[in-house]
K.L.:
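After the C-alpha cells below, expect a handful of questions from me.
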Amino acid sequence: MVEMVKYKNELNRVALEQFTPSEMNLFFAIVSRIRNKEDCVIRFSLKEIRELAQYKPTAANRLIEDLTHTYAKLLKLTYPHTYTKKDQVIIESFNLFKNFEFCEENEATYDSSGEKITAHTGTTLKDGYVDIAVNPHFSCLFNNVFSGFTQFSLSEFISLKSKYAKNMFRLLKQFRSTGYRRFSIVEFRYMLSIPKSYQIGQIDQKIIQRLKQELSPYFKNLTIRKEYARTQGKKVTGYNFYFTPEKIYR
DNA sequence: CAGTCTCGGGTGACTTGTCT
DNA sequence: AGACAAGTCACCCGAGACTG
C-alpha cells in the first residue's frame, strides 16, 4: 500500500525552518497518519515510526533524539498569514501539536501485538511510543479535506535527499494539476529557508541545480526560469517553476 | 559608470547510514 | 555502543560579463 500524505494547502505556508531531511521525514510520516482522526491524540509506536519514515540508523537513542529535536523545532514554527504588496511576511505562531509525549519502555522487546522487535543486525531496539495531540485549532488541516489540498506519496518524499528538494517537492505538489508556480525571491528564500549569506550564484549552483536533478523524476519536463527586474544590474526578482501537469483521477 | 549576475573554486562543520 | 566515511551544507572568495 502506498502511504499518502494529504493536508490542506495552508500547511504549505509554513516554512520548515532548520529541519534536517530526516526530521522532515519524521514530520510527514506523522502527518500521513493524522488524517481523518476524530480523536485528537494519536499514539505511534517507535516501530511504526521507523517503518513509516524508513528510518535506518540503528544506533541507540538516535530515533528518540531526532523525534525530540523534531518536536522542539515544530514548536518554534511560525505561520505566515499573508504576503503583503511589499512582499513582507506577516507571521503568527504555529502550534500544530499541543502535546508530544514520549514514553520509553525500558527493556521492552515486544510491541502491542506481541511481535518481537529486532533490527536486522539482530540487536534489540528499544521500544516505546509517542502520544501526539493535535491542536484542535489546526486539526482542520487534516480532517475532512475534500478540496484545496496537497497530496503526495510519503515514500517519494522520503527518497529525496536534499532538504531543499524535499521542501520544493511538497510546494510544487500543491500545483500538480496546473504545472506552474511562481515564487518571488523573498518568498523563495523564506519558504526554502535559504541562508541570508547565499547570493544568487550560490542559490543557482547549490539549490536550483540540485532541485532540477532530484525533482525531475517526479515532475515531468521540470523547467526553472529566473525572472529579472528591468533595472540597472538586472536583479533577480523571482523564480518560475514549470512542469507537465499530472492527470488527476478521482 | 554602478550594480548584479555567472561561474568557478575552496574549507570546515555537521549529518547519516554502516561497520566493527 | 561507538567510530567512521561519504554526503550535504554554510560560508567565503574573485574574475569577468552584462545591463540601464
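By convention in this document, chain letters (A, B, ...) are assigned in the order of the sequence lines, proteins followed by strands, and residues within each chain are numbered from 1.
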K.L.:
Once you round it to whole Å, what is the distance between P of dC9(C) and CD of E214(A)?
P.N.:
8 Å
K.L.:
Taking DNA chain C as the partner, which of residues 199-209 of chain A come within under 4.0 angstrom of it by heavy atom?
P.N.:
Q202(A), K206(A)
K.L.:
At less than 4.0 Å, is any side-chain N or O atom of T20(A) found next to OP1 or OP2 of dT16(B)? Yes or no.
P.N.:
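It does, given that an N or O in the side chain of T20(A) lies less than 4.0 Å from OP1 or OP2 of dT16(B).
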K.L.:
Give the rounded distance in Å between these two atoms: CZ of F19(A) and P of dC9(C).
P.N.:
16 Å
K.L.:
Starting from P on dC14(B), measure out to CD on E65(A) and report it in whole angstrom.
P.N.:
15 Å
K.L.:
Measuring from L26(A):CG to F19(A):CZ, what's the distance to the nearest 0.5 Å?
P.N.:
9.5 Å
K.L.:
Closest to the Q232(A) side chain: dA10(C), dG20(C), dT18(B)?
P.N.:
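Nearest nucleotide to the side chain: dG20(C).
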K.L.:
Whole angstrom is fine here: how far is it from CZ in R62(A) over to P in dC19(B)?
P.N.:
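Value for this atom pair: 14 Å.
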K.L.:
Nearest to the Y198(A) side chain among dC11(C), dG3(B), dT8(C), which nucleotide is it?
P.N.:
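Out of dC11(C), dG3(B), dT8(C), the nucleotide with an atom closest to Y198(A)'s side chain is dC11(C).
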K.L.:
What's the separation between atom CD1 in I30(A) and atom CG in L67(A), rounded to the nearest 0.5 Å?
P.N.:
6.0 Å
K.L.:
Respond yes when some side-chain nitrogen or oxygen of K163(A) is under 4.0 Å from OP1 or OP2 of dA10(C), and no when none is.
P.N.:
yes
K.L.:
Sequence neighbours left out, cut at 3.5 Å: what donor-acceptor pairs do the side chains of residues 217-225 of chain A make with other protein atoms?
P.N.:
unit_1, atom_1, unit_2, atom_2, d
Y218(A), OH, S159(A), OG, 2.8
N221(A), ND2, T244(A), OG1, 2.8
T223(A), OG1, N221(A), O, 3.2

K.L.:
Would you tell me whether N25(A) and K166(A) have side-chain atoms, one donor and one acceptor, within less than 3.5 Å of each other?
P.N.:
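There is such a pair between these side chains.
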K.L.:
To the nearest 0.5 Å, what is the distance between CD on E17(A) and CE on M191(A)?
P.N.:
10.5 Å
K.L.:
Give the rounded distance in Å between these two atoms: NZ of K196(A) and P of dC9(C).
P.N.:
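Value for this atom pair: 18 Å.
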K.L.:
Please determine whether a side-chain nitrogen or oxygen atom of S162(A) lies at a distance below 4.0 Å from atom OP1 or OP2 of dC9(C).
P.N.:
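True: S162(A) side-chain N/O within range (under 4.0 Å) of dC9(C) OP1/OP2.
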K.L.:
Between Y71(A) and D66(A), does a side-chain hydrogen bond (donor to acceptor under 3.5 Å, both in side chains) hold up when you go through it step by step?
P.N.:
CA-CA 9 Å; Y71(A) 182 54; D66(A) 279 346; over 6 Å; no
K.L.:
Any side-chain N or O of R210(A) under 4.0 Å from OP1/OP2 of dT8(C)?
P.N.:
yes
K.L.:
Rounded to whole angstroms, how far apart are CG on D66(A) and P on dC14(B)?
P.N.:
16 Å
K.L.:
Using atom CD1 of I64(A) as one end and atom P of dA1(C) as the other, report the distance to the nearest whole Å.
P.N.:
10 Å
K.L.:
Return the CG to CD1 distance between N143(A) and I34(A), rounded to the nearest 0.5 Å.
P.N.:
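It is 9.0 Å, given to the nearest 0.5 Å.
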K.L.:
What is the nucleic acid contact for Y55(A), judged by heavy atoms within less than 4.0 Å: base, sugar-phosphate only, or nothing?
P.N.:
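Result for Y55(A) = nothing.
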K.L.:
Is there a residue in residues 221-229 of chain A whose heavy atoms reach under 4.0 Å of DNA chain B, and which residues are they?
P.N.:
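By residue number: K226(A), Y228(A).
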K.L.:
Assess whether a salt bridge exists between K73(A) and E23(A), defined as any Lys/Arg side-chain N lying under 4.0 Å from an Asp/Glu carboxylate O.
P.N.:
yes
K.L.:
Find the distance K161(A):NZ to dG17(B):P and express it as a whole number of Å.
P.N.:
7 Å
K.L.:
Do K234(A) and E227(A) meet the salt-bridge criterion of a basic N to acidic O distance under 4.0 Å?
P.N.:
no
K.L.:
Classify the angle between the aromatic ring planes of F169(A) and F157(A) as parallel (below 30°), tilted (30 to 60°) or perpendicular (above 60°).
P.N.:
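Taking F157(A) first and then F169(A), their aromatic rings sit tilted (interplane angle of 30° to 60°).
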